[in-house]
Amino acid sequence: MSTSGGTHDDDLDGWDLPGPGRGSASGKALEPAPPRPGTGSIAARAMAAVRPAPEVVDYLSGLNPEQRDAVESLDGPLLVLAGAGTGKTRVLTTRIAHILAARRAFPSQILAVTFTNKAAREMKDRISSLVGESVEGMPWLGTFHSIGLKILRRHAEMVGLRPDFSILDTDDQICLIKQFFQVEGVDAKRWTPRWFAIKLDTWKNRGLLPEQVPVGDAEWFGPNKARKIYADYQERLRVINAADFGDLLLLTIRLFREQPEILKSFQERFRYMLVDEYQDTNIAQYLWLRLLAQGNKNICCVGDDDQSIYGWRGAEVDNILRFDHDFPGAEVIRLERNYRSTSHILVAASHLIAKNEGRLSKTLFTDHDDPDAELISVASVWDSEEEVRTIGEEIEDLQRHGHELNDIAILVRASFQMREFEDRFITLGLNYRMIGGSRFYERLEIRDALAYFRATLQPSDDLAFERIVNTPMRGLGDASLRQVRELARAQNIPMMQAAGMLVETEELRPKPRNTLKNLLMDFSRWRSQLESQRHTDLAEIILDESGYTEMWRNDRSADASGRLENLKELIRSMDEFESMAGFLEHISLVMDRDSGDTDDAVSIMTLHSAKGLEFDTVFLPGWEEGLFPHQRALDESGRAGLEEERRLAYVGITRAKKRARIRFTANRRVHGMWQTSIPSRFLDELPEEHVEVSEPSSSYGGYGTSGMGPYGGSRFDTRDPFASGNHSTPGWQRAQRNRESGASSGGFGKSSRGRGGPKTIEGELVAKSVTETESAYSVGERIFHLKFGYGRVASIDGNKLTIEFEKAGRKKVLDSFVEAV
DNA sequence: CAATTACTAACATGG
DNA sequence: TTAGTAATTG
């Protein structure tokens with residue numbers, strides 16, 4: 001691969017566009033081509049599109065004037081502010097179709113960046129249905145990371161990597177950091193590797209190299225130590241020929257800055273740039289875009305500040321607010337006509353988001369006002385078990401009434417909520433599709449198998465090597481491994497290489513030395529078979545000869561056979577790829593499997609991954625304080641965190657076309673402990689006229705004394721229309737007390753110093769601190785618990801009580817959930 | 001070196 | 001609760 005200049009126009013090959021033949025691919029020849037009628041239907045329609053009589057062009061018809069403007073304003077920077085459901089994706093895809101049809105560029109000359117894999121896939125699908133097969137593989141349509149990767153692979157040498165470098169996922173990253181922490185003697189009690197991984201990510205999201213790390217940050221764990229670990233970490237990545245996710249962007253930026261000719265070649269290549277979800281871009285992505293857009297400035301960004309939900313990942317809403325400053329002369333088009341939702345849904349969502357400050361105010365409106373449209377439904381349930389069950393029932397009911405499962409989605413705040421739905425739907429035999437969440441490729445056996453493949457393909461991949469040296473156990477334990485690791489570190493070489501040197505010496509005892517030697521021989525044998533064997537066969541050979549499959553066959557535990565199944569499934573899915581390397585690359589970027597798209601199935605996913613999608617019916621479970629808005633968001637980012645959560649709620653509601661059904665539980669188990677939950681404050685922020693508060697669909701009155709309201713807090717306490725009267729639940733009373741004390745203390749707890757009372761933000765309860773100073777109970781006291789019945793307090797640990805229950809045995813519970821008797 | 005036991009943090013969110 | 005780690009023992 002050429003290292004100078006970077007004129008890799010190879011991917012223009014095979015792009016067969018109606019119109020000018022190849023050869024005129026680069027440069028001036030692509031200026032608006034003169035109309036040449038009859039060269040193909042798309043081209044023919046395009047002719048009409050560029051100039052007069054646009055009505056003829058069917059892909060443009062059906063756009064409203066603003067949308068059409070956004071599609072046709074091809075030259076110069078353009079920002080499209082598009083509210084939820086205003087046809088954002090439609091504008092983007094039609095715009096691409098228009099560029100192609102007008103023959104302004106080849107598919108390979110359009111850069112289209114999305115934020116998530118799903119969005120990229122969706123866009124690809126929609127473009128090909130709009131334009132036809134020729135776009136099938138628009139090479140530069142993808143996520144920031146996948147495009148960064150593609151660029152880096154071509155010019156890896158320029159940033160100190162070999163073109164076949166591997167990509168580390170978060171777990172690999174944490175493993176590596178852990179090692180550095182051990183070497184540097186960082187107190188693992190105070191700083192966890194995971195925490196540092198997040199910080200590292202934050203720096204990278206902001207485009208900071210080790211030497212640019214802010215002075216304050218650099219001093220963590222000791223004088224300049226954090227900076228040093230960052231620098232060492234990067235150096236280690238280089239040695240093991242790997243890049244983490246952040247590097248995919250950061251190294252590309254470095255490449256562009258250090259190699260102006262390469263940058264220039266890309267600037268020339270990308271005649272049109274389109275960016276989806278611009279509000280989610282972080283600084284690194286912004287820099288990346290700006291470098292590329294400095295060429296011909298045909299950049300079109302589409303976004304909605306109200307849907308900015310990736311602040312935690314470094315997204316800068318400022319990017320969207322500053323757009324015309326960054327790209328002088330930018331045109332701004334607003335899309336405010338909503339085509340998706342009923343007016344109940346739309347008004348409710350707008351009402352909610354209006355509570356946020358500092359937004360570019362947009363007013364969404366809709367025409368179709370269906371008088372029969374359903375109100376937003378809000379209902380409480382006893383616990384998550386009931387939540388899952390009733391939603392299951394409602395879905396079955398919808399199904400009986402002829403609704404397709406494909407039109408139904410369950411959107412949760414945190415991925416752990418998805419499992420319960422999965423379990424329930426399996427027993428119901430209800431078809432479901434999980435997106436994101438606990439992913440196939442994150443399972444133990446899959447990661448192990450992948451580590452074997454990685455280590456085979458990429459001898460320098462230390463993390464893969466370390467993962468499997470002693471899996472299955474071969475007697476290569478800590479002691480031997482430490483020697484290898486030390487040598488590798490001292491010589492600054494990958495561990496496999498170090499191991500190779502070590503087995504030639506007497507350093508190791510004979511037994512481990514031989515096993516290690518054998519293992520290395522295994523790897524080189526597998527490596528030699530890379531050419532001769534089909535990659536799926538080789539994968540099986542590796543797993544068999546390494547003893548990995550046998551390990552599971554000998555395993556007596558219940559899930560062993562499932563794991564073997566998964567391994568087979570892994571090899572099966574490998575079949576769809578050309579090579580092992582291609583397969584590994586795919587899964588390192590796209591951790592979710594896109595399978596079974598054709599079946600009719602309910603979608604279960606997080607709110608984050610739901611952005612950009614729409615469904616007739618949307619279930620929104622878990623609207624409880626602490627879960628949604630999530631406690632961590634409030635603790636760590638205060639008001640900004642709360643606003644981001646609210647945007648997330650907005651995103652959730654606006655996914656629904658016809659029915660939005662919000663659920664909250666009265667009790668939820670957190671870390672195995674029962675806690676009473678308070679309804680989400682967002683419920684109060686919905687306009688009553690558009691909300692229908694449903695009766696709980698199954699009664700749980702039998703649990704306690706009559707009229708006990710299972711929910712506390714908010715509208716549903718103070719003027720609760722349906723839970724008759726007295727809130728005698730201790731948990732509720734306690735929550736209420738928390739609330740009041742929080743409000744009166746009125747502090748603006750930004751730094752969480754001290755483990756005191758609840759933090760408030762302008763009178764709102766933001767963080768209910770779990771560490772109550774004193775328990776209201778004493779050891780030996782007789783108590784009543786709604787789920788477990790009567791018992792006696794065995795011990796007290798802050799607000800955690802260990803109770804010896806008369807029926808249920810010994811349990812740990814939270815004090816707010818028991819009641820003195 | 002491996003198996004057992006005791007302890008503790010984790011349930012954000014994505015590429 | 002559970003998964004992961006650290007310490008302890010065979």
Side-chain angles (χ1 to χ4, degrees), chain A residues 113-120 142-149 167-171 173-175 178 188-189 192-195 198 201 204-205 243-249 277 280-282 284-285 308-315 384 411-420 435-439 441-442 444 470 472-482 509 511-512 515 585-592 605-611 622 624 626-637 641 644-645 647-648 651-652 668-675 797 800 811-813:
Chain A
V113 241
T114 63
F115 206 66
T116 60
N117 287 308
K118 191 143 33 55
T143 62
F144 278 101
H145 292 88
S146 67
I147 290 170
L149 173 67
I167 302 154
L168 302 188
D169 65 21
T170 315
D171 285 350
Q173 231 180 338
I174 288 170
C175 281
K178 202 177 293 168
K189 291 274 183 294
T192 66
R194 179 176 296 276
W195 176 85
I198 293 169
D201 201 44
K204 292 191 172 189
N205 287 153
D244 63 24
F245 282 119
D247 288 342
L248 297 183
L249 285 170
E277 310 284 11
D280 288 331
T281 51
N282 59 40
Q285 289 160 337
S308 161
I309 53 175
Y310 286 95
W312 55 276
R313 248 209 70 250
S384 61
L411 310 182
V412 297
R413 173 65 247 260
S415 56
F416 73 89
Q417 293 171 266
M418 291 171 27
R419 240 219 350 256
E420 278 181 289
I435 297 162
S438 90
R439 293 172 265 216
Y441 297 112
E442 276 167 18
L444 176 82
N470 203 27
M473 286 192 262
R474 347 178 129 84
L476 291 169
D478 251 3
S480 332
L481 205 59
R482 201 179 54 242
R509 289 172 191 285
K511 220 171 76 182
T515 33
E585 172 142 332
H586 176 255
I587 59 180
S588 60
L589 283 177
V590 191
M591 287 296 266
D592 57 358
M605 68 187 98
T606 64
L607 287 161
H608 282 88
S609 39
K611 192 166 61 159
E624 298 131 40
L627 179 59
F628 190 35
H630 200 281
Q631 196 62 52
R632 287 260 277 269
L634 303 177
D635 286 346
E636 284 163 26
S637 316
E644 180 153 316
E645 295 288 299
R647 287 194 292 268
L648 205 47
V651 168
R668 194 173 284 277
R669 203 162 42 177
V670 182
H671 306 320
M673 266 185 323
W674 285 97
Q675 275 186 233
D797 171 21
K800 282 170 250 172
K811 302 268 184 216
K812 264 193 188 174
V813 298

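Every chain is numbered from 1 and lettered A, B, ... according to where its sequence line falls, protein lines coming before strand lines.
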Would you say [N] has OP1 or OP2 under 4.0 Å from some side-chain N or O of [X]?
X      : N      : result
A/H608 : B/dT13 : no
A/N470 : B/dA2  : yes
A/S588 : B/dG15 : no
A/S415 : B/dC11 : no

Which part of the nucleic acid, if any, lies within contact of [X], taking any heavy atom under 4.0 Å across all strands shown: a base, the sugar-phosphate backbone alone, or nothing?
X      : answer
A/D247 : nothing
A/K611 : nothing
A/S480 : sugar-phosphate
A/Q285 : nothing
A/A479 : sugar-phosphate
A/Y310 : sugar-phosphate

- [ ] Kindly say whether, by distance alone, the side chain of A/T170 makes a donor-acceptor pair under 3.5 Å with the base of B/dG15?
- [x] yes
- [ ] Using only heavy-atom distances, decide whether a donor-acceptor pair under 3.5 angstrom links the side-chain of A/R632 to the base of B/dT13.
- [x] no
Whole-Å gap separating [atom2] ([N]) and [atom1] ([X]):
X      : N      : atom1 : atom2 : answer
A/D171 : C/dA3  : CG    : C1'   : 13 Å
A/D478 : B/dA2  : CG    : C1'   : 11 Å
A/Q417 : C/dT1  : CD    : P     : 21 Å
A/N205 : B/dG15 : CG    : P     : 13 Å
A/I198 : B/dT13 : CD1   : P     : 11 Å
A/I174 : C/dA3  : CD1   : P     : 18 Å
A/R413 : B/dG14 : CZ    : P     : 9 Å
A/F115 : B/dG14 : CZ    : C1'   : 7 Å

- [ ] Flag the pair A/L648 / A/F628 as yes when at least one side-chain heavy-atom distance between them is below 4.5 Å, and no otherwise.
- [x] yes
Please check this pair: side chain of [X] against backbone of [Y], looking for a donor-acceptor N/O pair closer than 3.5 Å.
X      : Y      : result
A/D280 : A/A315 : no
A/E645 : A/H630 : yes
A/K118 : A/S609 : yes

Task: B/dC11 and C/dA6, which share atom name C1', separated by this distance in whole Å - done: 24 Å
Select one nucleotide: of [options], the one nearest the side-chain heavy atoms of [X].
X      : options                : result
A/N117 : B/dG15, B/dC11, B/dT13 : B/dG15
A/K178 : C/dT5, B/dG15, C/dT1   : C/dT5
A/H671 : B/dA10, B/dA3, B/dG15  : B/dA10

TODO: Using heavy atoms to find the nearest nucleotide of DNA chain B for A/T192 and A/S146 separately, return the residue whose nucleotide is more 5′.
DONE: A/T192
Atom pairs under 3.5 Å, N or O on each side, protein against nucleotides 6-10 of chain C: can you list them with distances?
none

